[in-house]
Each structure stands twice: as structure tokens, then as C-alpha cells.
Amino acid sequence: MIDVTSTPTARRRSSARAGRIIAVAGLVLLVGIVCTWVPGVVGTAAAAALPWCGLALAVLVVFALILAHRVTLVLLAPVLVWTLAMLPSAPGLAAAAPPQSAPIEIVSQNVRAHSGGAAASAAELADMSADVIALTELDGDSLQAARETLASTYPHSYAIGTVAVWSRYPIADAQPLTLGLDWKRALRVVVNAPDADVAVYVMHAASVRPGVQQERDTMLSGIADAVASDPAESIVVVGDFNAASADPALGAVRSRLEWVRPTDGTLGLTWPAALPLARIDHVFVRGLTVLESTTARVGNSDHLATVTTVAG
């Protein structure tokens, strides 16, 4: 008996069928990648999935090379578009030139309200010898726990709403920020660092749920407007933005400040901590050189902390 599945004709049919499936999958991924430039809920969802679209494309390319060589050319378009979409969020490089001023290390973490882990996070962040510690999603108990933990080492602090900042250096001009909402989830302080003042913003953007993201978008527009009118020469903005790196809603902020890329060769994904899938905790700067930027697992939060060293 002849095994028809092993005949050249059968193999060609099988290859053609595999090629069609791979081509359709590539087209679907291409549409998803393009959606990262669409404002609103579509862009937000697509931005969160963008890094993993690259992984899916890599799998498709492998299958194409094995099963249907000609389809590999079809995948060039989605691969190119994915590369362009990811380029602004790619890992960065540490500054090669020596800093002109003393480095300042700023750490930030969403400590997850009602988790009971704020004290542990604060202690571990302090052990890193950070100069400035910013915590978000604080409730009353976690704020008090963090205050007690950091009081002896970080004598200067300011807290409002769900955000707080502690500093080894004096703090001046502390201000609460509403950023267009009715409650305070952001702040601005001036840290009197040894060589120059640095304006530090800490924000905890409103949560995003399917079809509900207007409050977050309002806050992101608000922080962009705030830094645009800020006369400070050196600015750092840290916190939980509830927006993946390629989210169109970050466009206004990224046009006014430098988005800090991880310098450790990773994408700096921060959430969820157990298996990070997206970078929603960000750092932006103006008038400062980034010496190092990475993430760290501290406390029992569902967010990794961002760890950034800058200098004038």
C-alpha cells in the first residue's frame, strides 16, 4: 500500500496549508501591533501585549522556516512593524561620560494597599542606600508603617493621598497634585540634593479596567501639563502609571520628558511581580543623565520596584 501522505503532492498540500495558517496568524499579529498607535482602550490593550507579540512572531518565523519557506517573506512586514513599535521601549545604555555632579539614587514602588508589606518594602529599599524613596498605593496603616521604618534614616518626607516620598536630603516646596481628579494621587517636592535641586514628582495613576480608563488618561495628561510648565532645570517623575511602555496615553509625557530605559538589558517589566508581563511603573527625567536603571523585587507587593541613578 502506498502512503499518500508521503507523496510530493501531499507534502506540498500540507506545506501550503501550514503556510496559510502562518500567514493568517502573522496578519492578526500585524493588526494587533498597529493598534498600539490607536488612542484609547484599543491602544492600551495592544501596548500591554506588544512585547509578547514579538515572542509569537518568533515562533511563527521558526514554523515558517520548517514548514513553509515562502511564507517567511510574508512575516517580514509584522516583524518590521513590531520592531518599530518596540524601539522606543527597547533597553537603553548607561551614560558613558562621568557625571558632573554627585549621583542620586531614586527608588519607587507600588506597595499594594492593605497587603501589610509596606514596612518590608521600605526597609529593603532603604538597605539599597537609596537617596529618595517613593511609595504609591498607600493606605493609612501602610503609610504609618513606612514612616516608622524610615524615620531614622530618611528625616525628610511628604505624603498626600496614596503617595509619599522620603529623602535623605531636605525637601522644599512640597505640593499635592490632583492632576484633574477630585482626589490627590500625586505630589511634587523639591529635593535639595548636594549639588543641585531636583524636582521630584510621584504619581499613582488611576486604575484601568475594560472600558474604564478616562481617569487614568486625565492624570497622564495632567502630569504632562505640570512638567511642561515646571521651571525646574532637573526633574524626575516616578510612580505607577498604569500604562504599558508603548501605551499611546503616555505620548504627552514622553514628548516632554525623557523616558528612562532599563540599562540592565531587559525590558524592565514590573507587573505582576511573580511573572512580570508589562512595565507599568515608569521613570521620566529632564535635565539629568541616567547612570543606571533597573528593577528589584522587594517586599510582598505585586509590583517590582524601579531603581534609578541619575546625575546632573
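When each of Asp281, Asp302, Asp240, Thr295 is checked for a side chain to side chain donor-acceptor pair (under 3.5 Å) with Thr270, only Asp281 meets the rule. Exactly one residue among Val42, Thr44, Leu30 makes a side-chain contact (heavy atoms from CB on, under 4.5 Å) with Cys35. That residue is Val42.
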Yes or no on side-chain contact (heavy atoms from CB on, under 4.5 Å) for Thr178 and Trp183, after CA distance, side-chain angles and deciding distance? CA-CA 6 Å; Thr178 60; Trp183 71 98; over 6 Å; no
I'd like to know whether Ser167 forms a side-chain contact (heavy atoms from CB on, under 4.5 Å) with Tyr158, so could you lay out the CA-CA distance, the side-chain angles of the two residues, the decisive distance to 0.1 Å, and finally the verdict. CA-CA 9 Å; Ser167 172; Tyr158 178 68; over 6 Å; no
List the steps, then state whether side-chain contact (heavy atoms from CB on, under 4.5 Å) holds for Met203 with Leu179. CA-CA 9 Å; Met203 72 172 297; Leu179 302 182; 4.1 Å; yes
Apply side-chain contact (heavy atoms from CB on, under 4.5 Å) to residues Ile21 and Val24 and explain how you reach the verdict. CA-CA 5 Å; Ile21 294 173; Val24 170; 6.0 Å; no
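Counting only heavy atoms from C-beta outward, the side chains of Pro91 and Leu267 approach each other to under 4.5 Å. The shortest distance between side-chain heavy atoms of Ser142 and Arg112 does not fall below 4.5 Å. Counting heavy atoms from C-beta outward, Val285 and Val310 have side chains that approach closer than 4.5 Å. Looking only at side-chain heavy atoms (C-beta outward), Leu55 and Leu57 stay at 4.5 Å or farther from each other. Leu76 has its side chain out of reach of Leu80: every pair of non-hydrogen atoms, C-beta onward, lies at least 4.5 Å apart. Looking at heavy atoms from C-beta onward, Trp52 lies in side-chain contact with Leu277 at the 4.5 angstrom threshold. Between Trp37 and Val81, some side-chain heavy-atom pair lies under the 4.5 Å cut-off. At least one side-chain heavy atom of Arg168 sits under 4.5 Å from a side-chain heavy atom of Thr153.
Within 6.0 Å of atom CZ in Phe63, 12 or fewer heavy atoms from other residues, nucleotides or ligands are found, so the atom counts as exposed in its surroundings. Residue Asp141 places its CG atom among 12 or fewer non-hydrogen atoms of other residues, nucleotides or ligands, all under 6.0 Å distant. Atom CD of Glu233 has 12 or fewer neighbouring heavy atoms from other residues, nucleotides or ligands inside a 6.0 Å radius.
Rounded to the nearest 0.5 angstrom, Leu181 CG and Glu215 CD are separated by 5.5 Å. To the nearest 0.5 Å, atom CD of residue Glu105 and atom CD of residue Glu292 are 7.5 Å apart. Of the inter-residue distances, the one linking Glu137 atom CD with Asn110 atom CG reads 4.0 Å to the nearest 0.5 angstrom. Atom CD in Gln213 sits 12.0 Å away from atom OG in Ser207 (nearest 0.5 Å). Atom CZ of Arg261 sits about 13.0 Å away from atom OG1 of Thr266, to the nearest 0.5 Å. The OG atom of Ser89 sits 7.0 Å away from atom CG of Leu50, with the distance rounded to the nearest 0.5 Å.
Trp82 places no side-chain N or O within 3.5 Å of a backbone atom of Cys53 that could act as its donor or acceptor partner. Listed for the Thr36 side chain is no donor-acceptor partner under 3.5 Å among the backbone atoms of Gly32. No side-chain donor-acceptor contact under 3.5 Å links His282 to the backbone of Val260. Checking side-chain atoms of Arg254 against main-chain N and O of Pro248 turns up no donor-acceptor pair under 3.5 Å. Between the side chain of Asp195 and the main chain of Ala102, a donor-acceptor pair closer than 3.5 Å is present. Although no hydrogens or angles enter the test, the distance criterion places no donor-acceptor pair under 3.5 Å between the side chain of Thr309 and the main chain of Leu291. The backbone N or O of Ala232 sits less than 3.5 Å from a side-chain atom of Arg286, completing a donor-acceptor pair. A distance-only check finds no donor-acceptor pair linking the side chain of Asn192 to the backbone of Tyr169 [under 3.5 Å].
Under the 4.5 Å side-chain heavy-atom criterion for ILVMFWY residues, no single connected hydrophobic cluster contains both Val283 and Val253.
Judged by distance alone, the side chains of Gln109 and Ser121 do bring a donor and an acceptor atom under 3.5 Å apart.
Residues Ala244 and Leu250 share a closest heavy-atom pair of O-CD1, 3.3 Å. Of all the heavy atoms in Ala64 and Thr72, the pair that sits closest is CB-OG1, 3.6 Å. When all heavy atoms of Pro276 and Leu304 are compared, the pair lying nearest together is CG-CD1, 3.9 Å. Contact between Pro51 and Ala47 at its shortest, heavy atoms only, is CD-O, 3.8 Å. Considering all non-hydrogen atoms of both residues, Ala206 and Arg185 come closest at CA-NH2, 3.5 Å. Closest of all the heavy-atom pairs between Gly239 and Thr136 is CA-CG2, 4.3 Å.
Checked against side-chain hydrogen bond (donor to acceptor under 3.5 Å, both in side chains), Glu124 has no partners two or more places apart in sequence or in another chain. Val227 meets the side-chain contact (heavy atoms from CB on, under 4.5 Å) test with Tyr201, Ile235, Val237, Arg256, Leu257; sequence neighbours excluded.
Using cut-offs of 30° and 60° for the angle between ring planes, the Trp271 and His303 rings count as tilted.
Contact check on Arg216 versus Asp247 returns a salt bridge, with a Lys/Arg side-chain nitrogen under 4.0 Å from an Asp/Glu carboxylate oxygen.
Hydrophobic side-chain contacts under 4.5 Å tie Val298 into a cluster, directly or through other members, with Val107, Val111, Leu125, Met128, Ile133, Leu135, Leu138, Leu143, Leu150, Tyr154, Trp166, Val307.
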